[in-house]
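Chain identifiers are assigned alphabetically (A, B, ...) following the order of the sequence lines, protein sequences preceding nucleic acid strands; residue numbering begins at 1 within each chain.
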Amino acid sequence: MTTTGDTATTGEGAAHEGRSRVERYDPAAIEPRWQARWDELGLYDTDLHDESKPKFYLLTMYPYPSGDLHIGHWYIKTPTDAIARYRRMHGFNVFLPIGFDAFGLPAENAAIKNRINPREWTMANIEHERKQLRSMGATFAWASEVVTCDPAFYRWNQWLFVQFLKRGLAYRSVSAVDWCPNDGTLAREQVEGTDRRCWRCGAKVEKRELPQWYLRITDYADELLDFGGIDWPDPVRIMQTNWIGRSSGAEVVFDTAPSSHNAGGEELRVFTSRPDTLFGATFMVLAPEHPLVGTLTAPERRAEVEAYVAQAATRTEIDRLSTEREKTGVAIGAEAINPVNGERIPIFVADYVLGTYGTGAIMAVPAHDERDFEFARRFDLPVVKVVMPRHEDPDAELASAFVEHTTDEVMVNSGRFTGRPAAEAWHEIVAWLAERGKGRQAVTYRLRDWLVSRQRYWGTPIPVIHCEQCGAVPVAEDRLPVLLPETVDYRGSGDNPLNRDEAFLNVACPSCGGPARRETDTMDTFFDSSWYWFRYLSPAKADGPVDPAMVRTWTPVDQYTGGAEHAVMHLLYSRFFTKAMRDLGLVHESEPFRRLFNQGQILGADGERMSKSRGNVQDPDELVARHGADTVRLFLMFMGPWDQGGPWSPTGIGGVSKFLHRVWTIVLDPRGHDRGDATGGELPAGETEADARSRMRSTAHRTLRDVTEDYEQFRWNTMVAKLMELSNLLSRYRGTSVAGLPEWDEAVRLLLLMLAPAAPHITEELWSRRVAAAGLPWASVHVQRWPKVDEAAIVESTREVPIQVNGKLRDRVTVAAGISDLELEQIVLSRDKVLAALGGREPHRIIHAGGGKLVNIVVR
RNA sequence: GGGCGAGUGGCGGAAUGGCAGACGCGCCGGCCUUAGGAGCCGGUGUCCCGUGAGGGACGUGUCGGUUCGAGUCCGACCUCGCCUACCA
């Protein structure tokens with residue numbers, strides 16, 4: 001009835017059987033065009049020197065170039081891009097860099113399998129992933145890209161390593177690593193099954209003592225426990241705190257007792273967090289790796305002990321520490337003397353004691369430690385109770401170890417300390433030991449120094465030269481980088497080809513000039529990711545790792561986004577590096593990331609982690625081809641809370657697609673030429689034109705207020721829902737007399753601006769057409785200012801008040817907005833339904849909740 | 001074993017202690033169509049009463065508590081997920 005005459009807003013509507021048709025929303029036509037245009041204009045090349053605007057450093061964890069990004073990568077990066085665009089609309093100079101974590105095992109494995117160079121494999125993948133990332137329409141600052149396998153980057157790994165070495169923060173030490181007789185050293189995750197077999201050849205993996213490079217992260221243990229000044233999720237802070245595992249206690253010295261085969265008097269140091277239980281120590285246990293095992297073992301026990309130690313070496317710590325396994329161990333035929341009471345107690349070797357924690361030896365107090373209790377039961381050793389709640393029988397048998405810590409415990413069977421409160425005895429015993437040189441207060445950490453050596457080719461070569469005369473000598477700074485040789489001679493197994501590369505290996509000692517050999521270990525890739533965000537600020541800088549001026553202006557990172565799986569690895573190492581680099585005078589901050597957000601993980605449709613081997617990977621390219629990037633972006637944001645993730649299910653993506661189609665028609669065809677609907681161009685029943693106009697305005701501004709808050713809180717799913725509601729309202733008015741009026745126009749404008757950070761292409765297209773239709777010069781929607789809420793528009797003249805009787809909803813009533821409580825009560829108490837619910841009872845109390853949001857009548 | 005988090009329709013999920021189930025999917029009915037896997041309109045927690053308009057009861061893993069009022073706060077338990085794993 002009203003559909004003839006005008007042409008469509010675009011001017012492109014073609015006459016079609018008496019109707020003009022609006023061009024359909026076709027993302028495939030729009031998206032690449034705008035991506036190219038943004039690129040051309042350099043819309044997102046951040047000017048790092050522009051100080052006219054406040055800076056915002058937005059960082060998202062760089063991907064490992066495995067060949068294909070899956071939908072999980074988009075799940076991280078899409079909202080991150082929306083944050084960047086949102087912040088820009090607030091006038092920030094936003095820096096959102098991207099790069100590639102390009103060293104690492106998968107490249108090497110693929111290289112071995114396909115007989116190609118890891119570099120070729122990696123660079124081809126990077127090229128592919130660049131295209132994929134661009135297809136998202138994300139605003140990455142490509143000009144600042146960092147690729148870690150590029151010598152321009154990794155030479156600074158080497159430079160930093162040399163500085164660490166000079167400061168004693170890097171050191172070399174011999175330790176046990178997993179070793180396969182065919183393939184050499186293995187990473188922990190390459191050892192499979194409880195029977196410890198090599199993932200590639202299936203051979204039994206052993207422990208082998210090898211010289212390894214370490215970083216002294218433990219020097220920073222206490223500082224790393226302090227999370228002051230950073231806004232990180234609790235779970236990450238808790239995990240790091242537990243990982244560092246600070247434990248306060250005492251180191252106690254036990255002397256060995258003289259025996260037929262040993263003069264005795266050797267010191268056995270142990271760490272205990274319970275010095276108050278010292279009188280209950282009834283035996284000692286050494287880790288199989290303990291250096292004194294050999295010297296202390298009695299000749300008649302030697303064969304058995306050596307067999308046990310050898311067998312323990314075939315287990316990993318994880319396996320050894322498994323609580324499922326029954327305790328094992330053997331007596332070594334020697335005794336130690338308890339310093340507090342002079343008692344002689346037997347010494348065992350058992351693998352439930354770790355060589356790498358504390359001193360590698362413990363005093364065993366079975367009465368007050370579950371593990372010791374279990375061991376004592378197994379080997380029929382005495383259990384002496386020394387701490388107990390007041391008023392308990394000190395000689396009663398224990399059914400299990402008593403490990404409780406209450407304030408009301410007393411010492412028993414503890415010589416001169418008997419009867420003392422346990423909490424006080426703790427300190428008194430430490431003091432007593434200290435006076436006699438038999439102990440001191442001590443702190444131990446679970447955290448160990450970071451092993452950065454990898455016996456692998458595809459990583460940053462550790463810049464050290466081994467000379468028989470001078471030892472391990474760092475490569476001179478002006479001789480860096482030590483380049484990774486380009487030609488790789490793999491022999492079909494996982495050994496490190498650097499070990500056979502004579503040209504690489506043979507070198508003159510930097511110190512004495514004599515013949516020497518290069519270190520062939522390469523660095524853990526976490527070394528790269530521990531400082532890469534500093535490098536983004538000056539990726540090409542040739543005379544230093546970081547640009548101090550840029551670092552000063554731009555760090556710390558304002559917002560970091562990425563997965564929680566890095567809680568205790570990457571995120572802890574990064575904090576350590578920042579502090580270590582601060583102490584080298586390279587950076588000024590102590591914390592790298594001011595605010596951290598961990599998004600959830602997208603799993604495969606089967607609920608398992610997405611991986612090629614499981615065949616449950618969702619390819620984003622396919623989805624983009626079918627629905628367009630904006631739809632995929634918006635769908636990922638709409639699925640649920642960002643920190644939640646969940647199994648991938650494309651069900652429902654059609655709803656998001658429908659929403660964008662609807663936005664398209666609202667903007668381009670307000671009059672409803674292409675309606676195809678059944679509303680007949682009529683306003684909703686009972687609604688006047690004035691009602692509709694005010695409703696559009698109030699809804700638009702209320703949406704703006706709420707959506708702004710959602711953007712701030714990263715609540716994408718409700719943000720999208722609210723924009724859907726607004727578009728549903730406008731859609732209802734499309735083709736009616738209010739479509740195209742100023743209130744309509746304002747609502748459309750707000751809708752586009754609010755949607756722009758999340759769905760950048762369609763909004764840019766529609767914005768440009770509106771601007772053109774109005775005869776105005778073009779300016780990108782993405783450089784517009786975020787609109788301001790008009791609070792006055794939100795206020796309504798009436799409101800609906802729910803009425804409860806004793807907390808149960810009974811009625812609702814529409815009243816004038818400014819009504820007083822008293823007036824409201826009168827209205828409420830005259831309602832039929834309310835009277836019926838009261839049943840003649842007198843109101844005891846009337847509650848006006850939430851500033852008149854609800855009335856509750858209480859009766860007895 | 002320890003730590004953290006989560007349990008709401010058929011599904012994904014909403015809800016500063018104040019109308020549970022926003023928004024979307026799916027499903028049902030209708031309109032428009034030569035056609036519909038397009039578009040549009042309406043309905044959709046469960047049970048009960050009523051021919052009907054409508055009305056009522058129940059309902060956020062279980063049990064208890066605090067409160068005028070609890071999905072939300074507190075306690076205990078159950079289930080699931082993630083991290084961690086004999087750290088002396």
> Choosing from B:A88, B:A85, B:C23, which nucleotide comes nearest the side chain of A:D369?
Replying inline: B:A88
> Considering every strand shown, what is the Watson-Crick or G-U wobble mate of B:G18 when both distances are under 3.5 Å?
Replying inline: B:C68
> In whole angstroms, how far is the P atom of B:A57 from the CG atom of A:N806?
Replying inline: 12 Å
> What is the distance from CH2 of A:W243 to P of B:G3, rounded to the nearest Å?
Replying inline: 18 Å
>> Under 4.0 Å, counting only non-hydrogen atoms across every strand here, what does A:N728 touch: a base, just sugar-phosphate, or nothing?
In response: sugar-phosphate
> What does A:K658 touch in the nucleic acid at a heavy-atom separation under 4.0 angstrom: a base, only the sugar-phosphate, or nothing?
Replying inline: sugar-phosphate
>> So which atom in A:G655 and which in A:M724 form the shortest heavy-atom distance, rounded to 0.1 Å?
In response: O-CE, 4.2 Å
>> If I compare all heavy atoms of A:T359 with all of A:F271, which pair ends up nearest, and what's the gap?
In response: OG1-N, 3.7 Å
> For the side chain of A:F638, counting heavy atoms from C-beta on, which of B:G39, B:G12, B:C87 is nearest?
Replying inline: B:G12
> Rounded to the Å, how far apart are A:R732 CZ and B:G39 C1'?
Replying inline: 15 Å
> Roughly how many Å is it from CG in A:L354 to C1' in B:C87, rounded to a whole number?
Replying inline: 7 Å
>> Less than 4.0 angstrom between a side-chain N/O of A:N242 and OP1 or OP2 of B:A85, yes or no?
In response: no
> Can you tell me the Watson-Crick or wobble partner of B:C82, both distances under 3.5 angstrom?
Replying inline: B:G3
> Which residue lies toward the 5' end of RNA chain B, A:I362 or A:A849, if each is placed at its nearest nucleotide?
Replying inline: A:A849
> CD1 of A:I653 versus C1' of B:C23: gap in Å, rounded?
Replying inline: 16 Å
>> Does the structure show a Watson-Crick or G-U wobble partner for B:G29, both distances under 3.5 Å? Name it, or say none.
In response: B:C41
>> If I pick the P atom on B:C68 and the same atom on B:U16, what distance separates them, to the nearest angstrom?
In response: 23 Å
>> Using the side-chain heavy atoms of A:K833, tell me which of these nucleotides is nearest: B:C68, B:C23, B:G55.
In response: B:G55
> Phosphate oxygens OP1/OP2 of B:A57: is one of them under 4.0 Å from a side-chain N or O of A:K808?
Replying inline: no
> What integer number of Å spans the P atoms of B:C25 and B:G13?
Replying inline: 16 Å
> When you measure from the side chain of A:R810, which nucleotide among B:A85, B:A57, B:A88 comes out closest?
Replying inline: B:A57
>> Please determine whether a side-chain nitrogen or oxygen atom of A:R371 lies at a distance below 4.0 Å from atom OP1 or OP2 of B:C87.
In response: yes
> Given the P atoms of B:A6 and B:C23, what is the spacing between them in whole Å?
Replying inline: 25 Å
>> Say we look at B:A57 and B:G7: how far apart would their C1' atoms be, to the nearest angstrom?
In response: 25 Å
>> Measuring to OP1 and OP2 of B:C68, would you say a side-chain N or O of A:R845 lies under 4.0 angstrom away?
In response: yes
> More 5' along RNA chain B: A:T651 or A:R715, using each one's nearest nucleotide?
Replying inline: A:R715
> B:G54 pairs with which nucleotide, Watson-Crick or G-U wobble, both distances below 3.5 Å?
Replying inline: B:C49
> Does B:C87 have a Watson-Crick or wobble mate here (both distances under 3.5 Å), and if so which one?
Replying inline: none
> Is A:R702 paired with A:E796 through a side-chain N to carboxylate O contact shorter than 4.0 Å?
Replying inline: yes
> Rounding to a whole Å, what distance do you find between A:D710:CG and B:G13:P?
Replying inline: 17 Å
> Base of B:G9 relative to its sugar, syn (within 90° of 0) or anti?
Replying inline: syn
> Got a second to check how far A:N856's CG is from A:N806's CG, nearest 0.5 Å?
Replying inline: 7.0 Å
>> I'd like the C1' distance from B:C58 over to B:A20, given in whole Å.
In response: 13 Å
>> Does B:A14 have its OP1 or OP2 closer than 4.0 Å to a side-chain nitrogen or oxygen of A:N717?
In response: yes
> Considering only B:C68, B:G13, B:A85, which nucleotide approaches the side chain of A:Q644 most closely?
Replying inline: B:G13
> Using the C1' atom in both, what is the distance from B:G21 to B:G12, to the nearest Å?
Replying inline: 13 Å
> Please walk me through it: do A:Y733 and A:R695 pass side chain to side chain contact (heavy atoms under 4.5 Å, CB included)?
Replying inline: CA-CA 11 Å; A:Y733 289 140; A:R695 191 165 158 210; 3.3 Å; yes
>> From the set B:C41, B:C87, B:C23, return the single nucleotide nearest to any side-chain atom of A:R662.
In response: B:C41
> Donor-acceptor pair, A:T78 side chain versus A:Y75 backbone, under 3.5 Å?
Replying inline: no
>> Measuring only the C1' atom in each nucleotide, how far is B:U51 from B:U72? A whole number of Å is fine.
In response: 42 Å
> What does B:C63 pair with, Watson-Crick or G-U, if both distances are under 3.5 Å?
Replying inline: B:G75
> Taking the six-membered ring for Trp, are the ring centroids of A:W450 and A:F526 within less than 6.0 Å of each other?
Replying inline: no
>> Taking the minimum atom-to-atom distance to the side chain of A:L854, which one of B:G18, B:A15, B:U84 wins?
In response: B:G18
> How close or far is atom P of B:C83 from atom CD of A:Q240, stated in whole angstroms?
Replying inline: 16 Å
> If you check the A:Y357 side chain, which of B:A88, B:A85, B:C23 turns out closest?
Replying inline: B:A88
> Can you find a side chain N or O atom of A:S247 that sits less than 4.0 Å from OP1 or OP2 on B:A88?
Replying inline: yes
> Counting any heavy atom closer than 4.0 Å, what does A:I847 reach on the DNA or RNA strands: base, sugar-phosphate only, or nothing?
Replying inline: base
> Of the nucleotides B:C23, B:A14, B:C87, which one has an atom closest to the side chain of A:A721?
Replying inline: B:C23
>> Could you check whether A:F283 and A:F375 have their ring centres less than 6.0 Å apart?
In response: yes
>> Distance check, C1' atoms only: B:G24 and B:C32, in whole angstrom units.
In response: 24 Å
> For the pair made of CG in A:L726 and P in B:A22, what is the distance, rounded to whole Å?
Replying inline: 18 Å
> Do A:R633's NZ or CZ and the ring of A:W74 fall within the cation-pi criteria of under 6.0 Å and 45°?
Replying inline: no
> Which of these nucleotides, B:G13, B:A38, B:C87, is closest to any side-chain atom of A:R24?
Replying inline: B:A38
